[in-house]
Amino acid sequence: MRLFLHLIKLSILEQATYRTALVAGLVTNFFWGFFRAAVIVALYNGRSEVNGLTLEGALTYIAIGQAMIAFLSLFGTFDLMTTVYSGSIASDLIRPVPLFVLWMARDLGHSLVNLVVRGLLLLLFFALFYPVVMPESLLGWVWTILALAASWLVSYAWRFLVNLAAFWTPDARGIGRGAYALSQLASGFIIPLRLYPEWFSRLCHLTPFPAMFNTGVEVYLGVVSGSQLGWALGVQGMWFIVLVFLSQIILRAGIRKLVIQGG
Amino acid sequence: MRHQLSLYLRLISIQLRSQMQFRVSFWTDVITTGLLNFSYFFSTYLVLQRFGSIAGWSVAEMAFLYGMIEISFGSMDMLFSGFDPDSFSRFIRQGLLDQVLLRPVSVALQIFGSAFVMRRLGRITQGALVLIFALVNLPVHWTPLKVGLLPVMWISQIAAMGALFMAGSTLTFWTVQRVEAINILTYGGVEVMSYPMTIYPRWLRGFFTYLIPFIFLNFYPALYILDKPDPLGLPAFSPFLAPLVGGVMLFLASRFWQVGLSHYQSTGT
Amino acid sequence: MSPIISVQHLYKRFKILQRRPGLGGALVNLLSPRYSEVSAVQDVSFELEEGEVVGYLGPNGAGKSTTIKVLTGLLVPTSGEVHINGKVPWLERERYVREIGAIFGYRSTLWWDLPVIDSLELLQPMYRIPAERFRSNLREFSRLLDLDSFLNTPVRSLSLGQRMRADLCAALIHEPRLLFLDEPTIGLDVIAKEHIRQFILHVNRQRGVTVLLTTHDLADVERLCERVMILDRGRLLFDGSLTMLNHRFESTWTLHVDFEVEYEDVSLPGMDPPVRQGLHAEYHFDHRQVTSAELITRLLEKFRIRDLEVRRPPLEETIRRIYREKLLIN
């Protein structure tokens, strides 16, 4: 646990040195939020609510999406596969911490810095131009924090799994791009899932992807409430466990392959 | 001029050869790049199933806007690969520009020839498929002028967005840090141009009309081709301004590039 | 005959942004940048005649690379005149660089991912070399530089020595009259260095190529250059032949003597007593006051001697002293 915290701290310090990159990312995400908000307003075209999502709710949904791009790494990460290709994964494998936990610490440090700098600041700026709603009660905040934390876990587990492709193919980068395209679409990041046709959003809910973004935002917005809350978080937890389980099996096979072929 | 062209083709063919060396990887790259970009249109397509139209534009009309600009941006990104501000700033930091300056050939030509990212083919292809979908589903009354306008749009859009790439690269002669602003313009420009411009707030539309006149590149020609009334009441020749915009932007960018280059030569790195 | 390179009162000053620390500092930097000026080259003037091989020496940061960059047209000077081949390098870059070859030892001028041969073949249309000339030059250079074994290897997988040989071929394939070399032997082993020196001498003698080279390896200078220029902190301290350099700055030579029999006292009147070890003795003397011939005659008159050897101090030491003396002048 102490090592885990230490790794997080290291990763936070490392992130903090990329100040200009952080600011540049913030500005870019902010402008995109603007473009995307315009699309939402035009789609609503005067309607105040569509399928349980108010206009303010939909705009806030977009703002949170832009704010969480870096926190949830919604465009994907490719760091782990790079270490497989460069061979530096060897030094990570001999550490006294499982690979999954090691990268989790690194990822979390990076995510936390981005949550504060790019996430909260973006929401604040955005609120100056568009209505941004907030949970009404303290309890609402508690559920939100739990659901967003769960989103982060599912997102991390998914990206870890995708990166493992590097054990089998020199093409993992291309595969990753395809996989992340899928998760962006089906997680609700591009358009809130509720605004899709019924059949498509139901299809998405059969995958782990809504658990890594849509659920968190809907809990924040209060669209999911009451007894549904426990259920929603339960589904997130379930997907996390499934993804962890899968990735551990695949990782073990991957390492065996690495050892036999000598990388 | 012919000599320059053949030299350029030769530089490009070398690029292609080295990219094709890893053939499997090449095709996965093309396909996944295409898929990634397509997922954005697919999502618009789905959401319009529920909403019907956006600012009075149907799915097929949206597909026209989107398909056009995607084809152009993909082509531009391929043609101007060397001027991609992110990779160009790396090029400078590695000191590779000195090597270019030592050769008795124009610097711009060598930068054009220094990269040609074939992966963009994926983006162009998905754009083309979406455009075909649009043309099949739209009852366009084709006239020779409308047919002629399509390639003009394509070339003008390439020129205008390429000019931004060039300007962004030129900025890296002074600073590596302010490139992001240009990226917002190029990538943001594509995003903005793939929707009807009427959805944007006045100030943003004003920006894209008078400062960076992207509105004439895609939106106005599309209005003309699709026989849609002009909701903004600009002059009747507005649909035909695209080549002027593209030409002027590229001209200004190349002048700026010259200034940047002589700045580089007076400071070094 | 007019000189092939003429440099008059060359100055190059750089502005350097003074960074203030911290986030606030970064913001202030953006709004009101504060610059300090650094003079890389100050009032440097020299001329080179066609066919010369000249060493351009100086400690790190002396301004050697800046000068070379100006002379190759990469950098525009702050002031001063440069005429090379009758052209001003930075004013007509494209026409000018056709007539020169240049190598920067720390970085290849070839295409990193291409096999050597592809890189070289690209140069043919770039420099518009007639196909026949190109082929015969390539044949000759690859024989002299032993390129055949790695012509099909990508530049990125070459060893440093191979890369430098390929670079030399590339720098000369268009038959330039001038060759600029910035640290051509840096990081190479003894054999590779010698190979490269031989080649440089060859193109200088056979083709009359004028060579200006910077180096830290004084063996390069001793082997290649008849003339050296020494630069320190942007100023030219010395410009003359290697012999002149020796003459002016190497005062203390050493005469090593092996005697046939052991003598009680081997010192000579008017000279410092030698350092002795058994039958061996070392006489340190100022060659400007006593010639070695004179010293040897006096020794042979007094003693039975088996062997004699005059040693000059290595060039390195001389040059180090020049920097030191300059320091004293300042």
Side-chain angles (χ1 to χ4, degrees), chain A residues 19-45 47 50-51 58 75-76 129-130 165 169-186 188-201 203-204, chain B residues 22-57 62 119 122 126 175-185 187-201 203-205 208:
Chain A
R19 253 191 318 246
T20 31
L22 280 171
V23 174
L26 173 66
V27 173
T28 311
N29 294 161
F30 178 69
F31 269 93
W32 245 258
F34 243 91
F35 301 149
R36 299 182 55 202
V39 174
I40 292 292
V41 173
L43 277 175
Y44 269 64
N45 193 23
R47 275 168 280 206
V50 174
N51 196 21
F75 293 160
F129 298 88
Y130 283 101
T169 158
D171 263 357
R173 198 159 257 282
I175 289 172
R177 260 200 297 267
Y180 295 138
L182 186 66
S183 54
Q184 277 180 52
L185 181 71
F189 168 70
I190 301 180
I191 294 280
L193 287 185
R194 279 174 183 271
L195 302 186
Y196 284 127
E198 214 54 51
W199 66 268
F200 186 74
S201 63
L203 193 68
C204 291
Chain B
F22 309 96
R23 202 158 300 187
V24 187
S25 170
F26 173 76
W27 287 112
T28 2
D29 265 6
V30 169
I31 292 166
T32 54
T33 307
L35 275 178
L36 180 63
N37 287 294
F38 181 71
S39 67
Y40 285 89
F41 177 74
F42 184 58
S43 138
T44 306
Y45 172 85
L46 286 172
V47 88
L48 285 180
Q49 300 285 306
R50 186 184 278 280
F51 289 88
S53 69
I54 178 167
W57 289 62
M62 284 291 299
R119 198 171 67 214
Q126 61 93 25
T175 164
V176 197
Q177 292 165 10
R178 275 166 248 177
V179 179
E180 200 72 23
I182 287 279
N183 282 351
I184 292 174
L185 278 184
Y187 297 99
V190 180
E191 171 84 9
V192 167
M193 279 189 275
S194 57
Y195 287 94
M197 300 296 277
T198 45
I199 70 169
Y200 298 107
W203 64 268
L204 196 63
R205 209 166 53 224
F208 282 116

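So you know, we letter chains A, B, ... as the sequences are listed, proteins then strands, and number each from 1. Since the structure is predicted, the reported quantities are computational estimates derived from the model, not experimental observations.
Nearest approach of B:Pro201 to A:Ala38, heavy atoms of both residues: CD-CB, 4.4 Å.
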Show, in sequence, the C-alpha distance, side-chain angles and deciding distance for B:Val47 and A:Leu43, and conclude whether the side-chain contact (heavy atoms from CB on, under 4.5 Å) test is met. CA-CA 9 Å; B:Val47 88; A:Leu43 277 175; 4.0 Å; yes
Go through the steps for B:Leu204 and A:Phe35 under the test side-chain contact (heavy atoms from CB on, under 4.5 Å), then give the verdict. CA-CA 9 Å; B:Leu204 196 63; A:Phe35 301 149; 3.7 Å; yes
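Of the listed residues (B:Leu36, B:Asn183, B:Thr198), the greatest number of heavy-atom pairs within a distance under 4.5 Å of chain A belongs to B:Leu36. Listed options B:Thr44, B:Ile199, B:Val30 were ranked by heavy-atom pairs under 4.5 angstrom with chain A; first place goes to B:Ile199. When the candidates A:Ala179, A:Pro170, A:Ala42, A:Gly176 are compared by the number of heavy-atom contacts under 4.5 Å with chain B, A:Ala42 comes out ahead.
At a 4.5 Å heavy-atom cutoff, B:Ile31 makes no contact with chain A through either its backbone or its side chain. Only the side chain of A:Gln184 comes within less than 4.5 Å of a heavy atom of chain B; its backbone N, CA, C and O stay farther away.
Using a 4.5 Å heavy-atom threshold, the side chains of A:Leu182 and B:Ser39 count as separate. The closest side-chain heavy-atom distance from B:Tyr187 to A:Trp32 is below 4.5 Å.
Not one N or O on the side chain of A:Arg177 forms a donor-acceptor pair closer than 3.5 Å with the backbone of B:Thr33.
Among the candidates A:Phe189, A:Phe200, A:Tyr196, the single residue satisfying the side chain to side chain contact (heavy atoms under 4.5 Å, CB included) test with B:Ser43 is A:Tyr196.
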